[in-house]
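Let me begin by presenting the structure, written as structure tokens, before commenting on it.
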Amino acid sequence: MKLLLSSQRHYSTLASLNLKTFENPQSKAYKIIQYCKSGSLFEAIHVLNSIDWTRLSNKPFFYASLLQTCTKAVSFTHGIQFHAHVIKSGLDTDRFVGNSLLALYFKLGPNLFEARRVFDGLFYKDLISWTSMITGYVKVEKPKKSLELFLEMLGLGIEPNGFTLSATSIISAFTRNDAYDKALGFFYSMCRKHGLSPDGFTFGTVLTACGNLGRLKQGKEVHAKVIASGLSGNVFVESSLVDMYGKCRLVNQSQCVFDRMSVKNLVSWTALLGGYCQNGDFESVIRIFREDEMIEEGIRPDYISFVGVLFACSHVGLVDQGKKYFAAMSEVYEIKPGIEHYNCMIDLLGRAGLLEEAENLIENANCRDEPSLWTVLLGACAASPHSATAERIAKKAVELKPDHHLSYVYLANVYRAVGRWDDAVKIRNLMTKRGVGKMPGTSWIET
DNA sequence: ATAGGGTTAG
């Protein structure tokens, strides 16, 4: 690639390159900025190459604009070249240039290493620098680092007030860290201490936290805040509410919120179905799915919603229905079944005593060596352990997952059921030898 | 003048 910004060119246009003239529409400096603003990276570079860059004043502003344009135009290679020039001119300590570089590395990289280097090298870090780095860590799945940095920022006396976004990224970091309690705590201090008004994103995150914690009381409080904030029409917020009530075992409330939603999407439906699933009302799941209500509203079920309905089928023992949905998944909706769908089907078939059919299904799946499939099938076998099939399945499970103690227990149980006491003892010894958990006493019958 | 953000499902 041609090197940009050669310093050996075009002294003739020097007159148009000072700070004052970039506001002059005739000047090339003005054109560069205009091109940057409209995201026309190549045009901007073209003009840039026709001037003497070394004589241009106010370089930080140009570098920042150009770097942002690279980010906007998704051109990482150009961005890196500009970074090289930035370093050469010693402007990488400038916070505007640096912040633009951070955006480049986080949005197009993501290159955490380079971003951190830029961040550490900044002469003065402002709230935007901190926020970029904090949210950047969340993005690359390093919530702990993100929180460390957040605390460091607070230690320096920089308050995240006025910027809801920095607060939401912290909440997000907490929730990704499974520290839902802290996320909730932060939400409340954000509202009370800093007087910030949360937006839809914040509410979505916080409601999910309430749901995962089963905190109905706080969930309701947040619901009240949602209503007060006028965000009731937000499909993300309302789907989170449906989810929250479902997880807090108030499935009626979940249905109520759902019914009043003016805009529903697939996630809203799946959250509703999930609520019924978690509350053991599998009949409702199947009823809602079967009545084609979703399809009437123009919503096509996806990978996850099929997990819900197959899970329900397996719990109710609807073999034909389950088979129908499993087939429809790939035939009608062109969704490749995954391990979760297979698990449901194996459980469904196995519990119905259709061991061979279940075994067949596993053997023909591309995830056939996945231990969980065999473990699930083995669990289903416990109801009918009197067969060579059960023995075969149990052996396969032990082979694929030698550290799973239940497989041994099941296998021993199969032997006991047909009176092969010596084999049962061998399994017990094998378990001890491999050190995989404790064999239950002889009173153990089935799960 | 220029820069920063995220949510939902089994």
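All chains are named by letter (A, B, ...) in the order of the sequence lines, taking the proteins before the strands, and each is independently numbered beginning at 1.
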Could you pull out all donor-acceptor pairs under 3.5 Å where a side-chain atom in residues 216-230 of chain A meets a protein atom, sequence neighbours excluded?
{"from": "A:Q218", "atom 1": "OE1", "to": "A:R215", "atom 2": "NH1", "distance (Å)": "3.0"}
{"from": "A:E221", "atom 1": "OE1", "to": "A:Y188", "atom 2": "OH", "distance (Å)": "2.9"}
{"from": "A:H223", "atom 1": "ND1", "to": "A:Y245", "atom 2": "OH", "distance (Å)": "2.7"}
{"from": "A:S229", "atom 1": "OG", "to": "A:K225", "atom 2": "O", "distance (Å)": "3.2"}
{"from": "A:S229", "atom 1": "OG", "to": "A:V226", "atom 2": "O", "distance (Å)": "2.8"}

Determine all donor-acceptor pairs shorter than 3.5 Å in which one atom belongs to a side chain in residues 262-270 of chain A; sequence neighbours excluded.
{"from": "A:N265", "atom 1": "OD1", "to": "A:V267", "atom 2": "N", "distance (Å)": "2.9"}
{"from": "A:N265", "atom 1": "OD1", "to": "A:S268", "atom 2": "N", "distance (Å)": "2.9"}
{"from": "A:N265", "atom 1": "OD1", "to": "A:S268", "atom 2": "OG", "distance (Å)": "2.8"}
{"from": "A:S268", "atom 1": "OG", "to": "A:S239", "atom 2": "OG", "distance (Å)": "3.1"}
{"from": "A:S268", "atom 1": "OG", "to": "A:N265", "atom 2": "N", "distance (Å)": "2.8"}
{"from": "A:S268", "atom 1": "OG", "to": "A:N265", "atom 2": "O", "distance (Å)": "3.2"}
{"from": "A:T270", "atom 1": "OG1", "to": "A:L266", "atom 2": "O", "distance (Å)": "2.7"}

Distance-only criterion, 3.5 Å: show the donor-acceptor pairs between side-chain atoms of residues 90-98 of chain A and protein atoms not counting sequence neighbours.
{"from": "A:D94", "atom 1": "OD2", "to": "A:F96", "atom 2": "N", "distance (Å)": "2.9"}
{"from": "A:D94", "atom 1": "OD2", "to": "A:V97", "atom 2": "N", "distance (Å)": "2.9"}
{"from": "A:R95", "atom 1": "NH1", "to": "A:D126", "atom 2": "OD2", "distance (Å)": "2.9"}

Under 3.5 Å, sequence neighbours excluded: what are the donor-acceptor pairs made by side chains of residues 333-342 of chain A?
{"from": "A:E340", "atom 1": "OE1", "to": "A:Y303", "atom 2": "OH", "distance (Å)": "2.5"}
{"from": "A:H341", "atom 1": "ND1", "to": "A:G338", "atom 2": "N", "distance (Å)": "2.9"}
{"from": "A:H341", "atom 1": "NE2", "to": "A:Y303", "atom 2": "O", "distance (Å)": "2.8"}

Only pairs under 3.5 Å count here: list side-chain donor-acceptor contacts from residues 364-371 of chain A, not counting sequence neighbours, and write none if there are none.
{"from": "A:N364", "atom 1": "ND2", "to": "A:N360", "atom 2": "O", "distance (Å)": "3.1"}
{"from": "A:R368", "atom 1": "NE", "to": "A:E363", "atom 2": "OE1", "distance (Å)": "3.3"}
{"from": "A:R368", "atom 1": "NH2", "to": "A:E363", "atom 2": "OE1", "distance (Å)": "2.4"}

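Put simply, A:K139 has a side-chain N or O that comes within less than 4.0 Å of OP1 or OP2 on B:dG6.
A:S132 comes within 4.0 angstrom of the backbone, heavy atoms only, and of no base. Looking at heavy-atom distances under 4.0 Å, A:K107 makes contact with sugar-phosphate atoms alone, never a base. Nucleic acid contact class of A:D126 (heavy atoms, under 4.0 Å, all strands): base. Counting any heavy atom pair closer than 4.0 Å across all strands shown, A:Q278 reaches sugar-phosphate atoms only and no base atom.
Between the CD atom of A:E238 and the P atom of B:dA9 there is a distance of 15 Å, rounded to whole Å. In this structure, CG of A:D302 is placed 11 Å from C1' of B:dG10, rounded to the nearest angstrom. For the pair A:Y325 OH and B:dG10 P, the computed distance is 18 Å after rounding to whole Å. To the nearest angstrom, P of B:dA3 lies 9 Å from CZ of A:F96. One interatomic measurement links the two molecules: CZ of A:F282 to C1' of B:dG10, which rounds to 11 Å at whole-angstrom precision. Rounded to an integer number of Å, the gap from CD of A:E340 to C1' of B:dA9 is 12 Å. Rounded to whole Å, the distance from CD1 on A:I128 to P on B:dG5 is 10 Å. Here the P atom of nucleotide B:dA9 and the CE atom of A:M244 are 12 Å apart, to the nearest Å.
Taking a 4.0 Å limit (strictly below) on heavy-atom distances, residues 253-273 of chain A reaches DNA chain B at A:V267, A:T270. Looking at residues 205-214 of chain A, you'll see A:T205, A:T208 sit with a heavy atom under 4.0 Å from some atom of DNA chain B. For the segment residues 326-333 of chain A, the set of residues with a heavy atom within less than 4.0 Å of an atom of DNA chain B is empty.
Under the side-chain contact (heavy atoms from CB on, under 4.5 Å) criterion, A:E356 pairs with A:T389, not counting sequence neighbours. In terms of the side-chain contact (heavy atoms from CB on, under 4.5 Å) criterion, residue partners of A:E331 (sequence neighbours excluded) are, by chain and number, A:A327. Applying the side-chain contact (heavy atoms from CB on, under 4.5 Å) rule to A:A271 yields the partners A:V242, A:D243; only residues at least two apart in sequence or on another chain are considered.
Checked against B:dT2, B:dA3, B:dG10, the side chain of A:A64 finds its nearest nucleotide in B:dT2. Residue A:R176 places its side chain closer to B:dG6 than to any other of B:dG6, B:dG10, B:dT2. Checked against B:dT7, B:dG5, B:dG10, the side chain of A:F201 finds its nearest nucleotide in B:dT7. Listed nucleotides B:dT2, B:dA3, B:dT7 differ in distance to A:S172; the shortest reach to its side chain belongs to B:dT7. Distances were taken from every side-chain heavy atom of A:V307 (C-beta onward) to each of B:dG10, B:dT2, B:dT7; the shortest belongs to B:dG10.
Atom NZ of A:K59 is surrounded by more than 12 heavy atoms from other residues, nucleotides or ligands within 6.0 Å.
Not a single donor-acceptor pair under 3.5 Å links the side chain of A:S254 to the backbone N or O of A:L250. With hydrogens and angles ignored, the 3.5 Å screen pairs a side-chain donor or acceptor of A:R176 with a backbone N or O of A:V138.
Distance check, rounded to the nearest 0.5 Å: CZ of A:F187 to CZ of A:R192 gives 9.5 Å.
Within the structure, salt bridge (charged side-chain N to carboxylate O under 4.0 Å, His left out) contacts touching residues 309-329 of chain A (residues at least two apart or in different chains) are A:K323-A:E357.
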